Amino acid sequence: MMTVISAFLQSIINGNDPLSRLLFTLFVIFTLSWYVWIYSKSNKVSTPPLPPGPRGLPLVGNLLSLDPELHSYFAGLAQKHGPILKLRLGNKLGILVTSPSLAREVLKDHDVNFANRDVPASARALAYGGSDIVWTPYGPEWRMLRKVCVLKMLSNATLDSVYTLRRKQVRETVAYFYSRVGSPVNIGEQMFLTVLKVITNMLWGGTVEGEKSASLGSEFREVVNEMTEHLGKPNISDFYPSLARFDLQGIVGKMAGLARRFDRIFDVMIDQRLNINKEDGSRSAAENIVSGKEDFLQFLLKLKDEGDSKTPLTMFHLKALLMDMVVGGTDTSSNTIEFAMAEIMNKPEVMKKAQQELDDVVGKDNIVEESHIQKLPYLHAVMKETLRLHPVLPLLVPHCPSETCAVGGYTIPKGSRVFVNVWAIQRDPSIWENPLEFDPQRFFNNSKWDYTGSDLNYFPFGSGRRICAGIAMAERMVMYSLATLLHSFDWKLPPGNQKLDLSEKFGIVLKKKNPLVAIPTPRLPDPSLYT
Ligand code: HEM
């Protein structure tokens, strides 16, 4: 046989006619293609397959079947297709992870590989090209920002030193609710303003005067709400990068407009701060923040001027950090407070138990101080249970592998967008008894679960390198606010609202679908405790 083939080849190689040459060319192409096919086939055998997933349509993949309530929709898909599955989102591959063991593989075992983000077009328009902590790729720049944020701005020592700011704002909120006794108040809205004022006071409290800072508060609220809404929206520009320049849904345009509003405020603050003379350079940064002489902005400006030559903090970074604090710190905390209050009001026995604990620890002739919160294990259990049922970042911030790797026996290609559904894991009936029941008792006197992300059955702040940078701040703000609201007032629904609605609305930050409106009644005998 081989001799026949070689004779045939000889004849066409030696032949001069065009037909022989054409046949020879076709023969070479055929042989090469066959070789490539066999080679790639044998290679495929050793590469694990992609995860399973629902069948999609040509070109669009699974895009058309996405439900706006992504967290619960993804949980439903996991029940059908298993704890790891793929979705074709246009040209992008989405990977859904919905079990503790797979979450561990992604966030712990392959921590470094998955410590990247797939920056959505909306975030690029928002966060100074993605140069903030949330969106910066894993590397020296992210490390530098994270160090500034976690070790300097949001460390326990700095937070201790700026307690006065939190206290002032929380006491003002109590006074406001007292002025509205017997009337319905929007708890989430008020708590958003409280948290926002605490954060902006920390950022540039020493830079702006009181009234101006209040009007900034309402502007920020509007902007932050819109931003988090757009950040959570599926965007065609992300799924078809070649169409990104058309911004078909107008999301990037809207984000850029919102970012400009932020930027103008930041510019004003920075200019004012640069014009203020430092009066007393001998005080520590923390002392200066409390006395209003220095704030985080001042601290960041100094850091920028000192300039580490390897990874310097630029003006872009500085503004992006301010943005992270305002966007990342506000509605995450205030939505948690709102969910907690709604769940507590829905369970009078929980409200009673929490108030009893507060009366025992604080007393009814006193006001709550932040130092009390360490002595309130039941209220801690309430906060943990709230974050179990309503983790406000239900899909974390999506992670993205920098290299193709295997998870759960499947290939996860480089650049996929990985959603870890902490919301679904924390409601999994194989892990939690009566998972849909709000029952703080499961956390009471049980230190098994904390916020460190070491147990992948419970990780509302994420886990691994990209774990939330503001846990200490969130814990203080949520606990101190809840303790104060429950100690100072009894809460009931307005007449006619017999049933509390606890439904959620998906966004990158989860919120209550319908705001919690409730009527406060004072419960402390001394009216001076409300001023
Ligand atoms: C109850 C309140 C909060 C919750 C539940 C929460 C939760 C989270 C989660 C789940 C992540 C993503 C983790 C991941 O991708 O694996 C995150 C990231 C982050 N959070 Fe929070 N957060 C809260 C409050 C705050 C506060 C108060 C701040 C700052 C003032 C903050 C700043 C950040 C930052 C900067 C990141 C990005 C970290 C990085 O990519 O390296 N968060 N948070």
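Remember, predicted model here, so these are calculated numbers, not experimental data. Values below: all heavy atoms of this structure, side chains included; hydrogens, waters and symmetry mates excluded.
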| message | Could you check whether Tyr73 and Phe506 have their ring centres less than 6.0 Å apart? | response | no

May I ask you to decide if [Y]'s main-chain N or O and [X]'s side chain share a donor-acceptor pair within less than 3.5 Å?
X      : Y      : answer
Glu357 : Tyr378 : yes
Thr330 : Val195 : no
Arg466 : Ala115 : yes
Asn457 : Ile425 : no
Gln249 : Pro234 : yes

| query | Pairs in or reaching into residues 467-481: which pass salt bridge (Lys or Arg N to Asp or Glu O under 4.0 Å), with residues at least two apart or in two chains? | reply |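 Pairs touching residues 467-481 that pass the test: Asp160-Arg476, Glu370-Arg476.
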
| said: Could you measure the distance from the CG atom of Asn225 to the NE2 atom of His230? Nearest 0.5 Å is fine. | reply: 10.5 Å

| What is the distance from atom CZ of Arg523 to atom CG of Leu529, rounded to the nearest 0.5 Å? | 12.0 Å

Salt-bridge criterion met for [X] and [Y] (N-O under 4.0 Å):
X      : Y      : answer
Glu172 : Lys168 : yes
Glu229 : Lys505 : no
Lys347 : Asp439 : no
Lys92  : Asp238 : no

| query | ring pair (Phe, Tyr, Trp, His ring centres under 6.0 Å) with Tyr530: which of Phe489, Phe177, Tyr176? | reply | Phe489

| Sole candidate of Phe459, Trp432, Phe461 that passes ring pair (Phe, Tyr, Trp, His ring centres under 6.0 Å) when paired with Trp449 | Trp432

| query | For the residue pair Leu389 and Pro435, what are the closest heavy atoms and their distance? | reply |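 Smallest interatomic distance, heavy atoms only, reads CD2-O, 3.4 Å.
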
| What heavy-atom pair brings Asp490 and Gln355 nearest, and what distance separates the two atoms? |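 Distance-wise, the nearest heavy atoms are OD1-NE2, 3.1 Å.
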
| field | Arg465 and Tyr138: side chain donor to acceptor below 3.5 Å | value | yes

| Under 6.0 Å from the NZ atom of Lys108, do we count more than 12 heavy atoms belonging to anything else shown? |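 Yes, enclosed.
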
